[in-house]
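One structure is given below, encoded as structure tokens.
In what follows, chains are A, B, ... by sequence order, proteins preceding strands, each numbered from 1.
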Number of protein chains: 2
Amino acid sequence: MQLSPTMQKYILHWGEMGTRWGVNRTVAQIHALLYLANRPLNAEDICETLGVARSNVSNSLKELQSWGLIRVQHVLGDRRDHFVALQDVWEIFRLITEERKRRELDPTLSVLRECAIEAESDPLIEAATRVKMDKVLEFLELLLSGYDDFKHLPPGVVLKLLKMGSKLGQLAAMFGNDEEQK
Amino acid sequence: MQLSPTMQKYILHWGEMGTRWGVNRTVAQIHALLYLANRPLNAEDICETLGVARSNVSNSLKELQSWGLIRVQHVLGDRRDHFVALQDVWEIFRLITEERKRRELDPTLSVLRECAIEAESDPLIEAATRVKMDKVLEFLELLLSGYDDFKHLPPGVVLKLLKMGSKLGQLAAMFGNDEEQK
DNA sequence: TTTTAATTTCTGTAAAGACAGAAATTAAGG
DNA sequence: CCTTAATTTCTGTCTTTACAGAAATTAAAA
């Protein structure tokens with residue numbers, strides 16, 4: 001399986017981006033390849049196309065599955081596992097966001113809470129420092145609860161919100177402190 | 001300068017988080033220390049407190065300055081540079097977001113645009129693949145334009161939006177396609 | 001059941017980034 | 001201007017992660 005220069009460029013870049021977003025380059029490149037492919041690919045296809053060792057492909061596929069970004073799809077007449085990537089961009093975004101929250105922000109929230117509690121009884125920590133710890137904690141809690149509310153919105157609604165742009169700020173001013181308007 | 005176990009825990013964790021968000025552990029730890037400190041610290045203070053080589057501190061401080069997260073603040077009677085971190089959590093968040101957009105998403109947007117254009121004339125790229133490239137590009141453009149609209153909102157307004165939660169979805173349905181209501 | 005293909009695990013090493021410390025440069029103080 | 005402190009740059013190495021390939025295990029086909 002050959003890649004055109006444009007596809008190579010795309011996949012290489014996706015790989016670079018992936019390292020910034022929590023997975024290694026090879027994992028991200030495999031994800032890109034499976035996303036762009038219009039049919040299920042097996043591990044050997046991937047090895048050949050990307051020039052990566054079979055075992056590395058195997059481990060990377062396992063990681064992508066743990067993120068829920070790809071799944072196994074068997075092909076009639078071929079006993080090898082084939083893989084397909086999620087094709088809906090919104091869903092991909094949702095999954096990555098959710099998974100990163102779970103792997104990173106949730107543990108951070110725990111640590112920040114523990115530290116806030118411990119700091120209450122730690123005479124070595126100045127009051128001003130304690131306040132700052134509390135502010136970071138409140139900020140993260142607010143962000144996460146806001147995210148929790150938003151994550152269930154259908155893409156179409158999110159789309160509308162994004163397109164409303166700064167008009168949203170005006171609406172918040174009008175409605176933010178009122179009971180529901182129906 | 002001694003750190004209590006709680007402060008150590010906090011700073012260590014911030015360091016781990018930092019590596020997930022684009023800076024190395026030491027850079028993030030120094031940022032945490034300067035944030036929690038209630039006075040300007042010089043490079044030697046930081047070396048001693050975190051047990052890091054002076055040169056590493058120097059380079060890390062330079063990086064934090066490039067993110068705009070800290071600045072030099074001279075202290076009377078001491079010719080050494082002292083440093084203070086931004087203290088407003090919202091502002092820190094805004095800066096990190098903006099800077100990451102600039103360093104990562106803007107280049108990605110460029111590459112995606114180039115690839116979309118190149119793919120138009122690449123006979124090796126299937127139409128379905130081209131559609132997928134376009135979808136990712138549209139998604140990112142939408143996200144970035146939405147972000148552009150939101151980033152100028154004052155923290156108080158953002159706070160309101162976050163607190164409105166799923167009520168926002170209802171408002172989008174009511175107002176999303178209408179002209180402004182005044 | 002055996003054979004063979006496919007996958008996974010393991011292990012050593014390659015690569016990249018982080019780091020410490022020496023050397024060089026800069027700048028403040030005397 | 002000289003001295004010395006402070007900072008920066010450079011370089012070698014340490015650490016961590018990624019990776020390749022061999023070996024082991026699993027599972028499908030004959």
Side-chain angles (χ1 to χ4, degrees), chain A residues 1 11-34 40-67 70-84 103-104, chain B residues 1 11-34 40-67 70-84 103-104:
Chain A
M1 184 175 169
I11 286 165
L12 284 171
H13 188 78
W14 195 306
E16 281 174 43
M17 286 301 104
T19 62
R20 312 286 168 78
W21 298 96
V23 295
N24 78 45
R25 194 179 64 242
T26 304
V27 172
Q29 286 175 1
I30 292 170
H31 182 222
L33 178 62
L34 287 174
L41 299 182
N42 65 52
E44 177 125 19
D45 294 331
I46 296 167
C47 290
E48 285 173 3
T49 307
L50 300 181
V52 187
R54 177 72 186 76
S55 61
N56 198 8
V57 168
S58 183
N59 288 328
S60 301
L61 290 170
K62 196 181 290 188
E63 167 127 31
L64 287 168
Q65 285 175 80
S66 82
W67 285 77
I70 67 169
R71 64 180 173 81
V72 179
Q73 179 169 309
H74 285 109
V75 172
L76 268 185
D78 193 333
R79 71 186 188 185
R80 291 172 298 186
D81 288 347
H82 283 65
F83 300 88
V84 293
R103 294 173 187 219
E104 294 166 30
Chain B
M1 184 173 167
I11 286 165
L12 285 170
H13 188 76
W14 195 307
E16 280 175 44
M17 286 300 104
T19 64
R20 312 285 169 79
W21 298 97
V23 295
N24 78 45
R25 194 179 64 240
T26 304
V27 172
Q29 285 175 0
I30 292 172
H31 181 222
L33 179 62
L34 288 173
L41 299 182
N42 65 52
E44 177 127 18
D45 294 331
I46 295 167
C47 291
E48 286 173 4
T49 306
L50 299 180
V52 188
R54 178 70 185 76
S55 62
N56 198 9
V57 167
S58 182
N59 289 328
S60 299
L61 289 171
K62 195 181 292 189
E63 167 127 31
L64 286 168
Q65 284 174 84
S66 83
W67 285 77
I70 67 168
R71 64 179 173 83
V72 178
Q73 179 169 310
H74 286 110
V75 171
L76 269 184
D78 193 331
R79 71 188 188 184
R80 291 173 296 188
D81 287 348
H82 283 66
F83 301 87
V84 292
R103 296 173 187 219
E104 293 166 31

Donor-acceptor pairs under 3.5 Å, side chain of residues 48-61 of chain A to any protein atom, not counting sequence neighbours: which ones?
{"from": "Thr49(A)", "atom 1": "OG1", "to": "Asp45(A)", "atom 2": "O", "distance (Å)": "2.6"}
{"from": "Asn59(A)", "atom 1": "ND2", "to": "Ser55(A)", "atom 2": "O", "distance (Å)": "3.3"}
{"from": "Ser60(A)", "atom 1": "OG", "to": "Asn56(A)", "atom 2": "O", "distance (Å)": "2.7"}

Solution key, residues 14-31 of chain B side-chain donor-acceptor pairs under 3.5 Å, sequence neighbours excluded:
{"from": "Thr19(B)", "atom 1": "OG1", "to": "Glu16(B)", "atom 2": "O", "distance (Å)": "2.7"}
{"from": "Asn24(B)", "atom 1": "OD1", "to": "Thr26(B)", "atom 2": "N", "distance (Å)": "2.9"}
{"from": "Asn24(B)", "atom 1": "OD1", "to": "Val27(B)", "atom 2": "N", "distance (Å)": "3.0"}

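In the region residues 18-33 of chain A, proximity to DNA chain D at under 4.0 angstrom, judged on heavy atoms, holds for Asn24(A), Arg25(A), Thr26(A). A heavy-atom distance below 4.0 Å to DNA chain C is reached by these residues of residues 41-54 of chain B, ordered by number: Gly51(B), Val52(B), Ala53(B).
Rounded to the nearest 0.5 angstrom, Ile70(A) CD1 and Lys62(A) NZ are separated by 12.0 Å. The CD1 atom of Ile46(A) sits 5.5 Å away from the CG atom of Leu41(A) when rounded to the nearest 0.5 Å. In this structure, CG in Asp81(B) is found 8.0 Å from CD in Gln65(B), a value given to the nearest 0.5 Å.
The CZ atom of Arg79(A) sits 8 Å away from the P atom of dA28(D) (whole-angstrom rounding).
Remark: the backbone N or O of Arg80(A) is paired with a side-chain donor or acceptor of His82(A) at under 3.5 angstrom.
Positionally, the nearest nucleotide of DNA chain D for Asp81(B) lies more toward the 5' end than for the other of Asp81(B) and Ser60(A).
A 4.0 Å heavy-atom criterion places the boundary nucleotides of DNA chain C facing chain A at dT4(C) to dT9(C), written 5' to 3'.
Axis angle across the helix from dT1(C)-dA30(D) to dG30(C)-dC1(D), with five pairs used at each end and values rounded to 10°: 20°.
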For side chain to side chain contact (heavy atoms under 4.5 Å, CB included), just list the numbers for His74(A) and Val72(A), CA-CA rounded to whole Å, side-chain angles, deciding distance to a tenth of an Å, and then say yes or no.
CA-CA 6 Å; His74(A) 285 109; Val72(A) 179; 3.8 Å; yes
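In this structure the side chain of Phe83(A) never reaches within 4.5 angstrom of the side chain of Asn42(A), judged on heavy atoms.
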